[in-house]
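The structure appears right after this line, and notes come after that.
Within every chain, numbering begins at 1; the chains are lettered A, B, ... in the order of the sequence lines, protein sequences first and strands thereafter.
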Protein chains: 2
Amino acid sequence: MAKTGDRARAAAEPALSTLDFALDRGSPVPLYHQLAQQLEAAIEHGVLAPGNLLGNEVDLSVRLGLSRPTVRQAIQSLVDKGLLVRRRGVGTQVVHSHVRRPLELSSLYDDLEAAGQGPTTQVVRNETVPAPAGVAAALGLAEGGEVVLLERLRRTHGQPVALLGNYLPPGLLDLDSARLEATGLYRMLRTAGITLHSARQTVGARSATAQEAARLDEKEGAALLTMQRTAYDDTGRPVEYGTHIYRASRYSFDFQLLVRS
Amino acid sequence: MAKTGDRARAAAEPALSTLDFALDRGSPVPLYHQLAQQLEAAIEHGVLAPGNLLGNEVDLSVRLGLSRPTVRQAIQSLVDKGLLVRRRGVGTQVVHSHVRRPLELSSLYDDLEAAGQGPTTQVVRNETVPAPAGVAAALGLAEGGEVVLLERLRRTHGQPVALLGNYLPPGLLDLDSARLEATGLYRMLRTAGITLHSARQTVGARSATAQEAARLDEKEGAALLTMQRTAYDDTGRPVEYGTHIYRASRYSFDFQLLVRS
DNA sequence: TAGTGGTCTAGACCACATG
DNA sequence: ATGTGGTCTAGACCACTAT
């Protein structure tokens, strides 16, 4: 059995059989992760065709010299990424593509950089101020307590794109303006050993005030995209509250959702 | 060892020990899922305090009469939900709350219903039309081929909230206008056995045209929140393209992100 | 009936964090 | 040195799908 080629159905044959995976048991990277990476690469490069594939887990584990749970763990991670779909009694298939990245807690800086837009940042304000009520509530601080206020103007190709307001608990981070202009806030947080865990966001829209319009090189009343975000580290401590406005004519949020099942 | 109460540290003791979990091996619901549900309920109700908890997996598995992998699977599912955090060498902790729901592929109808807004829907158009270029591309159809165009106006408290445009491949679904007004498109898809798998979304903003303003009871030029979405089923086949506009004064997107680690 | 993924077990050893 | 989660094994039985 397991003869390929005796059935020329619409469903593609598991091209997987011709693939060989290089698993390094001496590597510090887990076997299931090595396998997942190589499977993902095979899918990415089209070696594993979308539609139908990936003959059964038991054979695969034998062929790779791994246990079935380990192989399952690798496959599961790709299922979680939306690249594969399992069907009981049928098999595991490569999804018909269309899969991009899930929405990430990325900074605008990273977004723009990834899009090759060569962002630049100008720090407009960087000072300690009393916390406004909403900010204090979001950060779990006393109203009127000190917070660091950061205000930045982001440009691409010399054109303003966004006005970024951020509030951070005092003493959390050394906010050097020069570094902020070079690298983005979220990257600085990561570098400082603060691991972001979750964030709560609200995305809306409104018309630009005269002042906002002037700063963003828009007309008064132009549509702006707005975003408020509170970010938490992995202990659940709030580490940042941001209130941002984007020129709707030059920026939009673009992302992929996966349905919980 | 495992004596509780001999250390009164800031870190909370595992209140878990006093909890008993009811596991039914005869139930069709998997043991790991039963455990996960009961852990989640305990967290939800504050029985498991945020901050620090959940003594080691081995003891827990012995106490519950489960294998460690099964217990791990339960815990992992809550880690994926953002309710728990694992730290090697330390233990598993309940996150400091602030965790809401991740962004779901929910319909506006569901959103509003969940918010107790009592939405109503008016089907404005429901007909077969030639596919515009962008729509044909999104749905993987020939340009000018037939698609079903659905246009709906959604209200809460009698006030317009959104203008929803949807394109669907022909023959996918029986789109009865009366049922659409009663239940929402996504629910109808689910009922028809179409399981959504992923979606690609773009969220932006722009100013209302005169016509849009009239239909949404806004002034011309008012800020609108826009969303385009292509949804795919689990074979990767596009099943819906939507282009929606929302009154920014009455609606915003609100969601929780978890950072991939 | 045969083949697939879904669940579960009872161990083992390792890497990392803490005292 | 100890305790934790992280990884891995080699089986087993079940539920579902297809033929």
Could you pull out all residues at least two apart from B:Arg88 that satisfy salt bridge (Lys or Arg N to Asp or Glu O under 4.0 Å)? none

Under-3.5 Å N/O pairs linking protein and nucleotides 6-13 of chain C:
{"from": "C:dG6", "atom 1": "OP2", "to": "A:Arg72", "atom 2": "NH1", "distance (Å)": "3.0"}
{"from": "C:dG6", "atom 1": "OP2", "to": "A:Arg72", "atom 2": "NH2", "distance (Å)": "3.2"}
{"from": "C:dG6", "atom 1": "OP2", "to": "A:Arg86", "atom 2": "NE", "distance (Å)": "3.1"}
{"from": "C:dG6", "atom 1": "O4'", "to": "A:Arg88", "atom 2": "NH1", "distance (Å)": "3.3"}
{"from": "C:dG6", "atom 1": "N7", "to": "A:Arg68", "atom 2": "NH2", "distance (Å)": "2.8"}
{"from": "C:dG6", "atom 1": "O6", "to": "A:Arg68", "atom 2": "NH1", "distance (Å)": "3.0"}
{"from": "C:dT7", "atom 1": "OP1", "to": "B:Tyr32", "atom 2": "OH", "distance (Å)": "3.0"}
{"from": "C:dT7", "atom 1": "OP2", "to": "B:Tyr32", "atom 2": "OH", "distance (Å)": "3.4"}
{"from": "C:dT7", "atom 1": "O4", "to": "A:Arg68", "atom 2": "NH1", "distance (Å)": "3.4"}
{"from": "C:dC8", "atom 1": "OP1", "to": "B:Leu31", "atom 2": "N", "distance (Å)": "2.4"}
{"from": "C:dC8", "atom 1": "OP2", "to": "B:Leu31", "atom 2": "N", "distance (Å)": "3.4"}
{"from": "C:dC8", "atom 1": "OP2", "to": "B:Tyr32", "atom 2": "N", "distance (Å)": "3.3"}
{"from": "C:dT9", "atom 1": "OP1", "to": "B:Arg25", "atom 2": "NH2", "distance (Å)": "2.4"}
{"from": "C:dT9", "atom 1": "OP2", "to": "B:Ser67", "atom 2": "N", "distance (Å)": "2.9"}
{"from": "C:dT9", "atom 1": "OP2", "to": "B:Ser67", "atom 2": "OG", "distance (Å)": "2.8"}
{"from": "C:dT9", "atom 1": "OP2", "to": "B:Thr70", "atom 2": "OG1", "distance (Å)": "2.6"}
{"from": "C:dA12", "atom 1": "N6", "to": "B:Arg68", "atom 2": "NH1", "distance (Å)": "3.3"}

Less than 4.0 angstrom between a side-chain N/O of B:Thr92 and OP1 or OP2 of D:dG5, yes or no? yes

Donor-acceptor pair, distance only, cut-off 3.5 Å: does the side chain of A:Glu240 make one with the backbone of A:Asn166? no

Has the side chain of A:Ser61 got a donor or acceptor atom that lies under 3.5 Å from a matching backbone atom of A:Val58? yes

Mind checking salt bridge (Lys or Arg N to Asp or Glu O under 4.0 Å) for B:Arg179 and listing every partner two or more places apart, or none if nothing turns up? none

Taking B:Gln256 for the side chain and A:Ser198 for the main chain, is one N or O donor matched with an acceptor at less than 3.5 Å? no

Would one find a side-chain N or O of B:Asn56 under 4.0 angstrom from OP1 or OP2 of D:dT4? yes

